[in-house]
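We're numbering straight along the sequence, starting at 1. Please read these numbers as outputs of a predicted model, since none were measured by experiment.
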Amino acid sequence: MLLDFFPSHTLTLYLAKTFILRIIAALAMLVLVLMMLDLLSNSADILAYPGNGQGDLLRYVSLRVPQLVAQFLPYSVLLATIITLATLNQNSEVVSMKAAGLSAHQILAPLLLTAAVVACLSFVFNERVVTRATGTLTAWEDSDFGPIPDDPSTRSNVYLADGKDVLLASIVTGTGANTVMEGVTYYERDPNGMIVRQLRGSRATFADPGWRLEEAEQFDVGPAEQQKLAEPVVIAPELGLDQLELRSVNPDAESLPELSRSIQALDEAGRRTSELKGRWWHKISGPLSAVLMPLLGAVAGFGLARSGHLFARAVIGMALGFAYFVVDNAALAMGSFGGYPPLLAAWAPFLLFFLIGETVLVRTEE
């Protein structure tokens, strides 16, 4: 009975092959154009580091392309759906298939199956390739496109809260009591959150409690006076090693198991994790959005092409697809602010547009 949902074997292969070729073509076109624009905007920063050359530009491309593929694969499926169905409609192939007794869902079945395979491949690609490329590229960008530190515990541009005060470290290396901060800036604030004093130093080590800042310079905001301190000074007495261990998590650079462990560690420390939980669910719903695209773009394939409304139908299908991405990003943003529960933020747009797509398809078929 399940096989009855698909058309004949020959027609299924024909539709699936046509669809996948258009997905590849659309994806290649989008990635090529966007990569060229991205490289134009970032090549100056890459080459600004002494010693960087053409090889580093190619390295940047190799790290950036997986991100672009993951980001724009659903758009490619949407474009491929509209191009495929509009072409079939223009050539009266849809009319022939419906005259043979096929319903709109049966015509879409090979496209939906192909999109489901693409979604599975996208999920595996994101977990195995994109996360690693994102982590490497982030570390490279944090080092201003210079050498990436060999120490995996090295972190760049770390912001930490010490009660009402704030500490910024350009680089943090080591673990435990051997942790060393470099390029340290410490801001002391009053109860109203206004900065009253700034302390800058080249290096800070753990003093238990606090951090011993070396080669410190002090600037008092009130009298606008700056002085260089002769002795090291202890700052951030409330900042412990546990806060450093709970580093800032980049969900795009972590696979599902890694992100699960990070969320668990943050939960045990009493840190807010609703945004990360939403991103965890979105690692599943995001690739699965490719399955929605044939449904949302199906409006371009049904209706008489000779009526002159084919272009309008293609525009409607495109609008539905892009509306999904807008709503999806808005829901994730609301989940980050705590407006939506993580599960709802990740899956509500998918379910909403699945119902919209089904409704439009049924109304179009009628």
Q: Please list, chain by chain and in numerical order, all residues satisfying side chain to side chain contact (heavy atoms under 4.5 Å, CB included) with E225, sequence neighbours excluded.
A: P223

Q. Pick from L292, L295, I356: which one makes a side-chain contact (heavy atoms from CB on, under 4.5 Å) with L320?
A. I356

Q.
Applying ring pair (Phe, Tyr, Trp, His ring centres under 6.0 Å), can you list everything that pairs with F325, at least two apart in sequence or on another chain?
A. Y75

Q.
Q198: which residues meet the side-chain hydrogen bond (donor to acceptor under 3.5 Å, both in side chains) condition with it, sequence neighbours left out?
A. none

**Q.** Separation between CD1 of I316 and CG of L296, rounded to the nearest 0.5 Å
**A.** 12.5 Å

(Q) To the closest 0.5 Å, what do you measure between CD (Q90) and CD1 (I83)? (A) 14.0 Å

Q) According to the side chain to side chain donor-acceptor pair (under 3.5 Å) rule, which pairs have a member within residues 124-137, sequence neighbours left out? A) Q67-T134

Q: Following the transitive rule for hydrophobic clusters with a side-chain heavy-atom cut-off under 4.5 Å over Ile, Leu, Val, Met, Phe, Trp and Tyr, establish whether F350 and F322 coincide in one cluster.
A: yes

Q) Any chance CD of Q227 has more than 12 other-residue heavy atoms, nucleotides or ligands included, within less than 6.0 Å? A) yes

Q. How long is the span from the OH atom in Y186 to the CG atom in L168, to the nearest 0.5 Å?
A. 13.0 Å

Q: Identify the two heavy atoms, one from T114 and one from A16, that lie closest to each other, and give their separation to 0.1 Å.
A: OG1-CB, 3.4 Å

Q. Closest heavy-atom contact between A119 and P287?
A. CB-O, 3.2 Å

Q.
Using a 3.5 Å distance criterion without hydrogens, assess whether the side chain of D328 forms a donor-acceptor pair with backbone atoms of P349.
A. no

Q. Between atom OG of S255 and atom CZ of R261, what is the distance when rounded to the nearest 0.5 Å?
A. 6.5 Å

**Q.** side chain to side chain donor-acceptor pair (under 3.5 Å): pairs with one or both residues in residues 214-224, sequence neighbours excluded
**A.** R197-D220, S202-E215, R203-E214, E217-Q226, Q218-D220

Q. Hey, does the side chain of D190 reach the backbone of N192 with a donor-acceptor pair shorter than 3.5 angstrom?
A. yes

Atom pairs and distances, side-chain donor-acceptor, residues 341-348, under 3.5 Å, sequence neighbours left out:
none

(Q) Is there a continuous path of hydrophobic side-chain contacts, each under 4.5 Å between heavy atoms, that joins I24 to M293? (A) yes

Q: Give the minimum heavy-atom separation between L213 and G201, together with the two atoms involved.
A: CD1-CA, 3.5 Å

Q | Within residues 27-43 or reaching into it, pairs that qualify as salt bridge (Lys or Arg N to Asp or Glu O under 4.0 Å) - sequence neighbours excluded | A | D38-R64

Q: Hey, could you give me the CD1/CG distance between I23 and L78, rounded to the nearest 0.5 Å?
A: 10.5 Å

(Q) Among L79, L68, L73, exactly one meets side-chain contact (heavy atoms from CB on, under 4.5 Å) together with L30. Which residue is that? (A) L79

Q.
Under the criterion side-chain contact (heavy atoms from CB on, under 4.5 Å), I'd like the reasoning laid out for Y60 against L137: C-alpha separation, chi angles, the key distance, then a yes or no.
A. CA-CA 8 Å; Y60 178 80; L137 182 58; 3.7 Å; yes

Q) Where is the tightest heavy-atom contact between T87 and E93, given as atom of each residue plus distance? A) O-OE2, 4.4 Å

Q.
When you compare the side chain of L108 with that of L361, does any pair of heavy atoms fall below 4.5 Å?
A. yes

Q) Are L352 and I284 co-members of a hydrophobic cluster defined by side-chain heavy atoms under 4.5 Å apart? A) yes

**Q.** Any residue meeting ring pair (Phe, Tyr, Trp, His ring centres under 6.0 Å) with F353, in chain and number order, not counting sequence neighbours
**A.** Y324

Q | Closest heavy-atom pair and its distance - G317, I82 | A | C-CD1, 3.8 Å

Q. Should V166 and I195 count as side-chain neighbours, where that means a heavy-atom distance under 4.5 Å?
A. no

Q. Between V234 and G210, which heavy-atom pair has the shortest distance, and what is it?
A. CG1-CA, 4.1 Å

Q | L229 vs L199 side-chain heavy atoms within contact, under 4.5 Å | A | yes

Q.
Grouping I, L, V, M, F, W and Y whenever their side-chain heavy atoms are under 4.5 Å apart, do L27 and V130 come out in a common cluster?
A. yes

Q | Hphob cluster co-occupancy, V129 + V61, side-chain heavy atoms under 4.5 angstrom | A | yes

**Q.** Contacts of type ring pair (Phe, Tyr, Trp, His ring centres under 6.0 Å), residue W280, not counting sequence neighbours
**A.** none

Q) Are H105 and E358 close enough that some pair of their side-chain heavy atoms sits under 4.5 Å apart? A) yes

Q) Can you check side-chain contact (heavy atoms from CB on, under 4.5 Å) on V77 and F19, steps first, answer last? A) CA-CA 9 Å; V77 177; F19 187 43; 3.8 Å; yes

(Q) Considering only residues two or more places apart or on different chains, which pairs with a residue in residues 107-144 satisfy ring-ring contact (aromatic ring centres under 6.0 Å, His included)? (A) W140-F145

Q: Assess the side chains of Y49 and D144: does a donor N or O sit below 3.5 Å from an acceptor N or O?
A: no

Q: Under the ring pair (Phe, Tyr, Trp, His ring centres under 6.0 Å) rule, collect the residues that match up with F354, sequence neighbours excluded.
A: none

Q.
Once rounded to the nearest 0.5 Å, what's the spacing between atom CG of D45 and atom CD of E141?
A. 9.5 Å

Q.
Going by side chain to side chain contact (heavy atoms under 4.5 Å, CB included), name the residues that satisfy it together with T18, two or more places apart in sequence or in a different chain.
A. Y14, R22, T84

Q. What do the steps show when you test V118 against I20 for side-chain contact (heavy atoms from CB on, under 4.5 Å), and what is the final call?
A. CA-CA 9 Å; V118 169; I20 194 65; 3.9 Å; yes

Q: Would you sort out whether L88 and I107 count as a side-chain contact (heavy atoms from CB on, under 4.5 Å), showing the intermediate values?
A: CA-CA 11 Å; L88 294 175; I107 296 173; 5.6 Å; no

(Q) If we ignore hydrogens and angles and just use 3.5 Å, is the side chain of T273 paired with the main-chain N or O of L276 as donor and acceptor? (A) no

